[in-house]
Amino acid sequence: MPELPEVEHVVRALRRAVVGRTIIATEINLPKLIAPTTPSLFKRKLKNLTITGVSRRGKFILIELGRPGALLSDAERGNRKPARQQGQVLLVHLRMTGKFLYLNSEEELPKHSHAVFYLDNERRLVFRDQRQFGIMRLAPAAQLSQTKGIAELAPEPFSEEFSVDYLREVFRRSTRSLKTFLLDQTRVLGLGNIYAVEALFRARINPFRPVNKLSAKRVARLHAAIQEVLDFAIQHIRGGFNLEEGFSYGEAFERFWQVYEREGEACVNCGTRIRRITHGGRSTYWCPRCQRR
DNA sequence: ACCCTCACCTGCACGC
DNA sequence: TGCGTGCAGGTGAGGG
């Protein structure tokens with residue numbers, strides 16, 4: 001169920017745990033996780049690759065892989081090619097329930113462990129996913145930015161490209177409602193249902209307003225609110241990332257939601273009851289007074 | 001090009 | 001206890 005802040009924490013935890021490790025073997029228990037590749041081909045491609053880095057693009061986790069020795073200094077590497085030129089990237093999207101675990105050799109595999117990476121330190125990196133929506137794909141590092149799914153993504157929310165002007169421009173060309181639009185990763189990157197709702201509350205803008213009907217002032221307020229909500233979440237997420245106990249993003253993080261899952265409760269600003277409506281199976285929460293149409 | 005609904009899955013909380 | 005319903009922090013396909 002992660003949105004950008006949770007994915008960011010998974011990336012940091014993975015980076016601390018597995019960069020420099022080599023994949024000895026791979027186990028795939030759910031072929032559709034890696035489709036259209038087959039498990040046997042996937043395993044063969046990953047075998048003996050070293051994890052050279054872990055990063056993120058939107059909600060995609062990028063596990064960078066190279067030949068062993070990719071992390072060595074130039075002198076140690078001798079005349080072998082740098083990793084970047086032959087590197088692969090394992091793209092992972094957690095979707096709703098995807099999680100990574102880092103297990104030692106005694107720990108039992110929990111239910112829904114669809115992929116297991118055996119590392120050269122007797123440990124296993126495990127991908128679990130109760131609802132089976134998550135996906136994994138291998139792509140050549142050199143073509144990452146042209147890879148389907150990555151190429152279409154909007155600019156990173158903390159990049160210079162994601163400016164008030166950018167937001168005004170994409171809003172101008174659409175009649176969709178804010179709530180729908182903010183979830184479109186090709187327009188605004190990183191928000192999911194919770195942070196979209198929270199950003200709108202913070203900006204005091206009605207979720208059902210068409211994006212092309214927003215005043216410049218409101219666009220600027222929303223732009224700030226998006227960055228603030230994401231940044232606040234990244235700063236305040238705690239727990240669930242403890243390497244000694246294995247890690248997953250999780251149930252343990254601090255909740256600071258002001259409207260999400262607060263239907264019927266008093267608005268923190270004005271005391272009005274928070275409302276909820278569902279459309280397409282997704283809940284929108286808002287304060288009818290602070291976020292008037 | 002857009003917009004909506006549904007489909008993909010499992011599991012949990014709820015009411016009867 | 002069971003069984004039906006609605007809902008869960010995501011996205012893509014397929015229809016209009």
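Note that this is a predicted model, so its numbers are computed, not measured. Letters A, B, ... are given to chains in the order of the sequence lines, protein chains preceding strands, and every chain is numbered from 1.
- Taking atom CD of residue A:Q132 and atom C1' of nucleotide B:dG11, one finds them 12 Å apart after rounding to whole Å.
- Among the nucleotides B:dG11, C:dT11, B:dC3, the one closest to the side chain of A:H112 is B:dG11.
- Taking side-chain N and O atoms only, A:K148 has no distance below 4.0 Å to OP1 or OP2 of C:dG12.
- Taking the six-membered ring wherever Trp is involved, the centroid distance between the rings of A:W286 and A:F208 falls below 6.0 Å.
- Residue A:T97 has no polar side-chain atom (N or O) positioned under 4.0 Å from OP1 or OP2 of B:dC9.
- Across every non-hydrogen atom of A:V211 and A:S174, the tightest pair is CG2-O, 3.3 Å.
- Nucleotides C:dT5 and B:dC6 are separated by 16 Å at their P atoms, to the nearest Å.
- The phosphate of B:dC9 (OP1 or OP2) has a side-chain N or O of A:K32 nearer than 4.0 angstrom.
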Exercise for the section: Go through A:E156 and A:R57 one step at a time and tell me if the salt bridge (charged side-chain N to carboxylate O under 4.0 Å, His left out) criterion holds. Expected result: CA-CA 7 Å; A:E156 285 292 324; A:R57 179 81 176 92; 3.0 Å; yes
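- Residue A:H93 places none of its side-chain N or O atoms closer than 4.0 Å to OP1 or OP2 of C:dG12.
- For A:T278 and C:dA8, the shortest distance from a side-chain N or O to OP1 or OP2 is not below 4.0 Å.
- At least one side-chain nitrogen or oxygen of A:Q185 sits closer than 4.0 Å to the OP1 or OP2 atom of C:dT11.
- The aromatic ring of A:F133 does not stack onto the base of C:dT11, failing the criterion of a centre distance under 5.5 Å from the six-membered base ring together with planes under 30° apart.
- When side chains are defined from C-beta on, A:F171 does not count as touching A:R187, because their heavy atoms never get closer than 4.5 Å.
- Proximity of A:R282 to the phosphate of B:dC4: no side-chain N or O atom is located under 4.0 Å from OP1 or OP2.
- For A:H93 and A:F60, the ring centers sit closer than 6.0 Å to each other.
- One C1' atom belongs to C:dG12, the other to B:dG11, and the distance between them is 23 Å to the nearest Å.
- C:dG12 atom P lies 8 Å from atom CD of A:E152, rounded to whole Å.
- Between B:dC4, B:dG11, C:dA8, one nucleotide has an atom nearer to the side chain of A:S283 than all others, and that is C:dA8.
- Look at A:R95 and you won't find any side-chain N or O under 4.0 angstrom from OP1 or OP2 of C:dT11.
- In terms of position along DNA chain B, the nucleotide closest to A:S174 lies nearer the 5' end than the nucleotide closest to the other residue of the pair A:S174 and A:R131.
- Pairing analysis of DNA chain B (Watson-Crick: purine N1 to pyrimidine N3 plus N6-O4 or O6-N4; G-U wobble: N1-O2 and O6-N3; both under 3.5 Å) yields stems of 3 or more pairs at B:2-8 with C:10-16, B:10-16 with C:2-8.
- Between A:K59 and A:E6 there is no salt bridge, since no side-chain nitrogen of the basic residue lies less than 4.0 Å from a carboxylate oxygen of the acidic one.
- Among the protein residues, A:R276 comes within range of the sugar-phosphate backbone only, with heavy atoms under 4.0 Å from sugar or phosphate atoms but none that close to a base.
- A salt bridge is defined here as a Lys NZ or Arg NE, NH1 or NH2 lying under 4.0 Å from an Asp or Glu carboxylate O, and A:E198 with A:R202 fails to meet this definition.
- Using atom P as the reference point in both B:dT5 and C:dG6, the two lie 16 Å apart (nearest Å).
- Within the structure, every pair that satisfies the side chain to side chain donor-acceptor pair (under 3.5 Å) test and touches residues 267-276 of chain A, not counting sequence neighbours, is listed here: A:E263-A:R276, A:R276-A:S283.
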